Amino acid sequence: MPRWLTYRRHATAILLAALILRCLAGVWWQSRLPAEQPFFFGDSETYWSLGQSVAQGEGYRYGPQEWRIFRAPGYPLLLAAMFTTTGVDVSPLAGRMLSAVFGTLTVGGLIWLGSRAWIPETGLIAGWVSAVYPETVAMGAFVLSEAPFSAMLVAQWICSWKAWSANTKSSQMSWGFATGLAAAGGTLIRPSWLLYLPMACLVGWMLSRRTSSTRIGGMAILGLVVGMAPWWIRNHAVSDHFVPTTLQVGASLYDGLSPDADGGSEMSFVPSFLAEEMAAREQAEVPPDSSTLEYDLDQRLRGAALAWARQQPLRVAELVGIKFLRMWNPWPNEAGLRGGGLGWIVALCFLPVFVAGLWGIWRYRHAGWFARQLWLPAVYLTLLHVIFVS
């Protein structure tokens with residue numbers, strides 16, 4: 001049998017295994033939830049509601065205050081597209097199947113990238129690991145943005161590899177621009193991704209100092225700006241301010257830097273801040289406009305977080321350590337994922353992958369910039385989440 005045919009069959013088997021595992025995980029997870037509470041995570045409900053609002057032609061707004069810059073639009077728009085086909089009253093299980101599809105696309109992208117950037121066996125091994133790794137299977141079962149974001153991240157890597165391996169300036173520039181567009185797509189799904197590409201371009205230029213790195217990086221930044229521009233323009237029209245991602249940055253920052261912060265997420269403080277802001281606006285006789293309320297609330301939360309951090313530098317340093325350990329702890333931090341042997345499964349699968357990853361970083365430390373940027377997201381996300389929640 002020709003080698004290419006064996007490879008294709010092997011890759012197909014990996015993709016089928018990835019899809020089946022994620023679909024089964026989605027069905028099992030949904031069966032654990034009561035009918036009156038079909039979502040385990042609060043974020044899932046907000047994404048679902050925003051998607052339904054868009055699909056029904058009610059605009060992009062959420063909640064009684066009609067927040068309009070509450071979430072980045074990427075994932076809600078994907079759900080809205082699903083609702084236009086299935087109807088808005090479809091079971092959340094449909095959303096889990098959508099995540100399963102994106103999770104499988106991620107696996108396929110890793111197979112393709114590993115096979116071309118290294119050798120076919122590399123792609124197949126990466127495919128099997130990503131197909132069966134418990135946490136990637138779980139991401140393909142939740143109604144959350146992680147599955148489509150992971151697919152977009154791999155797409156960004158593929159575009160970056162094409163740019164760095166291109167032989168002509170025009171190809172480098174075209175694929176560099178595509179890298180930026182993919183980064184914008186990832187940011188519109190997960191807003192915290194916004195600063196990754198500028199950081200990666202800066203690090204790449206510092207390490208290589210090649211003319212091509214400047215050319216590719218410049219086109220990538222241009223692609224990011226072009227991809228984000230519609231969202232920026234829309235946000236300015238809504239709030240009369242430049243909002244690069246969402247108006248949840250203040251709440252997220254206070255979640256990570258406050259007197260009650262412990263490294264995890266606990267957002268019960270938001271209603272009290274909202275009441276304070278509404279009282280202040282009433283006293284100042286500010287018109288009850290929802291867009292300005294959303295912006296002012298974000299500023300109030302952001303200011304409170306930064307003021308507390310300036311007053312408690314030692315506690316901030318302690319929280320950095322706590323969040324770092326939470327992020328790299330092999331045991332699941334979410335209590336709902338620890339029972340029934342799940343915690344042991346996650347921990348025992350994490351450790352060999354982690355050790356192999358460290359070995360790979362050392363083994364390919366001289367392999368060029370593209371190999372380095374495969375582990376750079378781990379550095380970026382760690383730096384981000386030792387400030388916000390982990």
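This one's a predicted model, so the numbers in the text were calculated from it and none came from an experiment.
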Next on the checklist: Apply side-chain contact (heavy atoms from CB on, under 4.5 Å) to residues Y364 and R372 and explain how you reach the verdict.
Outcome noted: CA-CA 8 Å; Y364 291 99; R372 293 191 184 106; over 6 Å; no
[X] side chain to [Y] main-chain N or O, any donor-acceptor pair under 3.5 Å?
| X | Y | result |
| --- | --- | --- |
| K162 | W157 | no |
| R326 | S390 | yes |
| R22 | G140 | no |
| S53 | G59 | yes |
| S49 | E45 | no |
| Q52 | V88 | yes |
| T122 | W118 | no |
| R363 | G360 | no |
| R315 | A261 | yes |

Validation row: [X], [Y] side chains within 4.5 angstrom (heavy atoms):
| X | Y | result |
| --- | --- | --- |
| R190 | E146 | yes |
| Y60 | F70 | no |
| M219 | M173 | yes |
| L197 | Y380 | no |
| M82 | V90 | yes |
| T136 | T106 | no |
| L195 | M199 | no |
| P244 | M228 | no |

Enclosure of [X] [atom1] (heavy-atom neighbours >12, cutoff 6.0 Å):
| X | atom1 | result |
| --- | --- | --- |
| M327 | CE | yes |
| F324 | CZ | no |
| Q299 | CD | yes |

Same apolar cluster: [X] and [Y], side chain cutoff 4.5 Å:
| X | Y | answer |
| --- | --- | --- |
| I361 | V379 | yes |
| F142 | L98 | yes |
| L306 | L384 | yes |
| W67 | V238 | yes |
| W232 | L181 | no |

What's the spacing between [X] [atom1] and [Y] [atom2] if we round to 0.5 Å?
| X | Y | atom1 | atom2 | value |
| --- | --- | --- | --- | --- |
| L113 | L374 | CG | CG | 6.5 Å |
| S44 | R96 | OG | CZ | 6.5 Å |
| F39 | L33 | CZ | CG | 9.5 Å |
| L194 | L224 | CG | CG | 6.0 Å |
| F388 | L257 | CZ | CG | 8.0 Å |
| I345 | E135 | CD1 | CD | 11.5 Å |

Measure across [X] and [Y] and return the closest heavy-atom pair with its distance rounded to 0.1 Å.
| X | Y | answer |
| --- | --- | --- |
| L21 | V137 | O-CG1, 3.9 Å |
| Y75 | S99 | OH-OG, 3.9 Å |
| F273 | A304 | CE2-CB, 3.8 Å |
| N235 | V243 | ND2-O, 3.1 Å |
| A163 | I216 | O-CD1, 3.6 Å |
| I111 | I14 | CD1-CG2, 3.8 Å |

Item to check | Remaining members of hydrophobic cluster (4.5 Å side-chain criterion), L93 | outcome: V27, M97
Check the side chains of [Y] and [X] for a donor-acceptor pair under 3.5 angstrom, ignoring hydrogens and angles.
| X | Y | answer |
| --- | --- | --- |
| W231 | T245 | no |
| E266 | S268 | yes |
| T46 | R71 | yes |
| E294 | S239 | no |
| Q156 | W193 | yes |
| T168 | S171 | yes |

Item to check | Residue pair W112, W161: steps toward the side-chain contact (heavy atoms from CB on, under 4.5 Å) verdict | outcome: CA-CA 11 Å; W112 190 96; W161 176 76; 3.7 Å; yes
Checklist entry - Should E276 and R300 count as an ion pair when the cut-off is N to O under 4.0 Å? => result yes
Next on the checklist: Tell me whether the rings of H241 and Y295 are parallel (<30°), tilted (30 to 60°) or perpendicular (>60°).
Outcome noted: parallel
Next on the checklist: I want to check a possible cation-pi pair here: R32 against W29, using under 6.0 Å from ring centre and within 45° of the ring axis as the test.
Outcome noted: yes
Next on the checklist: Between S165 and W175, does the side chain to side chain donor-acceptor pair (under 3.5 Å) criterion hold? Intermediate values first, please.
Outcome noted: CA-CA 10 Å; S165 60; W175 284 110; over 6 Å; no
Item to check | Worked check of side-chain contact (heavy atoms from CB on, under 4.5 Å) between V316 and W308 | outcome: CA-CA 9 Å; V316 170; W308 179 85; 3.8 Å; yes
Checklist entry - For S115, which residues count as a side-chain hydrogen bond (donor to acceptor under 3.5 Å, both in side chains) partner, sequence neighbours excluded? => result Y7
Checklist entry - Ring centres of W48 and F83 under 6.0 Å apart? => result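 Yes; F83 has its ring centre under 6.0 Å from that of W48.
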Checklist entry - Run the ring-ring contact (aromatic ring centres under 6.0 Å, His included) check on W331 and W344 step by step: do they pass? => result CA-CA 7 Å; W331 201 262; W344 282 107; 5.0 Å; yes
Next on the checklist: Could you go through L293 and L274, starting from their C-alpha distance and side-chain angles, then the distance that decides it, and tell me whether this counts as side-chain contact (heavy atoms from CB on, under 4.5 Å)?
Outcome noted: CA-CA 9 Å; L293 172 60; L274 177 59; 4.2 Å; yes
